[in-house]
Q: 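The structure under discussion is supplied below as structure tokens; questions concerning it will follow.
First the proteins, then the strands, lettered A, B, ... as listed; each starts at 1.
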There are 2 protein chains.
Amino acid sequence: MARTQGSHSDITGPRIREAALGLFARHGFAAVSMRQIAGEVGVQAGALYNYTPDKQSLLFRLMQDHMQDLLTAYDDLDRFDDPKKALCQFVGFHIRFHLQRPDEVFIAYMELRNLTPENFADIEALRRRYEDSLESILRKGQESGQFSVADTKIATLAVIAMLNGVITWYRSGGRLSLDEVEQVYWDMVRKAVTA
Amino acid sequence: MARTQGSHSDITGPRIREAALGLFARHGFAAVSMRQIAGEVGVQAGALYNYTPDKQSLLFRLMQDHMQDLLTAYDDLDRFDDPKKALCQFVGFHIRFHLQRPDEVFIAYMELRNLTPENFADIEALRRRYEDSLESILRKGQESGQFSVADTKIATLAVIAMLNGVITWYRSGGRLSLDEVEQVYWDMVRKAVTA
DNA sequence: CTTCTATCTGAACGCCTGTTCATATACCAT
DNA sequence: ATGGTATATGAACAGGCGTTCAGATAGAAG
């Protein structure tokens with residue numbers, strides 16, 4: 001039998017990506033089979049190929065969608081001119097955005113090595129754009145004398161690395177609320193980049 | 001044919017772990033086959049089983065050895081009582097130790113999900129011991145009034161996350177020397193934990 | 001009521017997987 | 001020289017892999 005009920009094109013596609021997302025995040029891209037993904041969706045493996053040309057593209061699309069969502073969400077903010085306010089906003093945005101998408105974040109930097117060179121370059125470019133938006137805040141603050149860092153590029157990477165650490169331990173309903181976490185990290189970031 | 005020349009037990013074992021280390025770091029545990037590892041060593045896949053009961057144990061041993069080396073190296077330091085000096089020493093130690101072992105570091109926190117629950121618990125305990133040694137520095141500094149952080153546990157994780165970021169971008173012979181990198185990060189850490 | 005098309009099945013393809021084991025060899029000790 | 005042992009081979013096992021495709025079905029369109 002086939003097409004067990006109704007037209008499913010607009011439903012099955014997202015469900016496949018959803019299943020792939022969770023499985024890739026939990027077990028890793030290489031350890032997950034197309035049959036596992038299909039099983040989670042409730043469909044045979046062959047059906048997946050109506051929605052993705054191959055397994056690699058499935059991974060790529062997940063990462064690309066995530067990075068584009070990130071950039072779009074950040075661009076949509078009403079941004080501050082003042083470097084200190086802008087940095088505070090960045091910290092809060094980054095923490096909240098990433099905590100809402102733990103699986104995507106996990107994949108986005110655990111599975112980079114499983115991308116083809118072309119796909120890797122694509123994702124890297126998006127990541128760079130995001131990092132650059134933080135660096136430009138730091139540079140402006142540096143020029144205005146509000147910040148004092150030895151190297152804005154390194155400071156950028158250090159801040160992002162520090163913030164990314166949050167998703168490895170934060171659990172909603174834990175000891176600290178989201179607001180408190182944000183406050184604690186903003187405190188550390190602010191002091192780290194100030195004289 | 002077998003045993004193409006001489007007794008190899010003391011040579012082949014380390015060579016297998018070396019090959020596995022590089023391959024796991026580059027392609028990920030799940031994406032590397034026993035035949036690939038054997039090929040790099042110059043033996044057939046079956047020969048690997050004279051040195052490891054299975055693939056999982058090979059990964060586990062690499063991670064365990066790494067974590068134990070880390071703890072031993074840190075314990076062997078002549079440590080300072082003064083929290084500020086101790087923290088500075090920790091930062092320098094952490095950066096140098098990890099930059100010397102990029103493959104081990106990569107594996108040690110990319111392949112955690114490929115460990116069996118028992119092996120995972122083992123590695124996690126070692127990691128916790130290392131984190132605790134940093135947290136005790138921060139706590140002592142907090143009590144003495146030299147440091148000022150909202151939460152020593154979070155500060156611990158934030159500092160380690162920030163320092164770990166170094167290995168993702170540092171290339172020896174690059175724009176900054178190791179000493180400079182150490183200095184830049186110490187600056188940021190120091191400011192982040194000070195009032 | 002028929003036709004058409006989107007969607008899915010289920011089997012098949014060739015290849016790769018971790019692991020085991022009988023067998024063969026090279027060296028060491030006697 | 002002989003026997004024993006450590007070490008390696010190479011074939012085999014059962015099963016899983018990504019991917020393809022002819023054929024079946026369900027619903028939409030006329």
Q: Working to the nearest 0.5 angstrom, can you tell me the gap between Y185(A) OH and M162(A) CE?
A: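 CE of M162(A) is found 6.5 Å from OH of Y185(A).
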Q: Is it true that R129(A) and D132(A) have a side-chain N and a carboxylate O under 4.0 angstrom from each other?
A: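 No salt bridge links R129(A) with D132(A).
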Q: Return no unless some side-chain N or O of T12(B) is found under 4.0 Å from OP1 or OP2 of dT7(D).
A: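 For dT7(D), OP1/OP2 do not have a side-chain N/O of T12(B) under 4.0 Å.
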Q: L48(B) or A30(A): which one's nearest nucleotide on DNA chain D is closer to the 5' end?
A: L48(B)
Q: Do the charged groups of R15(A) and E40(A) touch, with an N to O distance under 4.0 Å?
A: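 E40(A) and R15(A): not salt-bridged.
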Q: Can you tell which of dC8(C), dT19(C), dA8(D) lies closest to the side chain of N50(B)?
A: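 The answer is dA8(D).
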Q: Extract from the structure each pairing of a protein N or O with an N or O of nucleotides 15-17 of chain D at less than 3.5 Å, listing the distance.
A:
residue : atom : partner : partner atom : Å
dC17(D) : OP1  : S33(A)  : OG           : 3.0

Q: Is it the case that more than 12 heavy atoms not belonging to R79(B) sit under 6.0 Å from its CZ atom?
A: yes
Q: Between dG27(D) atom C1' and I11(A) atom CD1, what is the distance in whole Å?
A: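 Distance, rounded to whole Å: 15 Å.
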Q: Pick out which of E135(A), Q142(A), R139(A) makes a side-chain hydrogen bond (donor to acceptor under 3.5 Å, both in side chains) with T152(A).
A: E135(A)
Q: Say you draw a straight line from CG of L48(A) to CE of M34(A); how long is it, rounded to the nearest 0.5 Å?
A: 4.5 Å
Q: For the pair made of CD in Q44(B) and P in dA22(C), what is the distance, rounded to whole Å?
A: 19 Å
Q: Measure CG/N114(A) against P/dG18(D) and give the value in whole Å, please.
A: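 Interatomic distance, CG of N114(A) to P of dG18(D): 12 Å.
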Q: State which of dT19(C), dT9(C), dT9(D) makes the closest approach to the side chain of V43(A).
A: dT9(C)
Q: Using only side-chain N and O atoms of Y51(A), determine if any of them is under 4.0 Å from OP1 or OP2 of dC8(C).
A: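 The answer is yes; a side-chain N or O of Y51(A) sits under 4.0 Å from OP1 or OP2.
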Q: For the pair F106(B) and F24(B), evaluate ring pair (Phe, Tyr, Trp, His ring centres under 6.0 Å) and give the outcome as yes or no after the intermediate values.
A: CA-CA 9 Å; F106(B) 216 70; F24(B) 289 167; over 10 Å; no
Q: By nearest heavy atom, map Q56(A) and G42(B) onto DNA chain D; which one lands nearer the 5' end?
A: G42(B)
Q: Counting heavy atoms from C-beta on, name the nucleotide in dG18(C), dT19(D), dT9(D) closest to the side chain of Y49(B).
A: dG18(C)
Q: Taking atom P of dG18(D) as reference, at what distance in whole Å does atom CG of L23(A) sit?
A: 12 Å
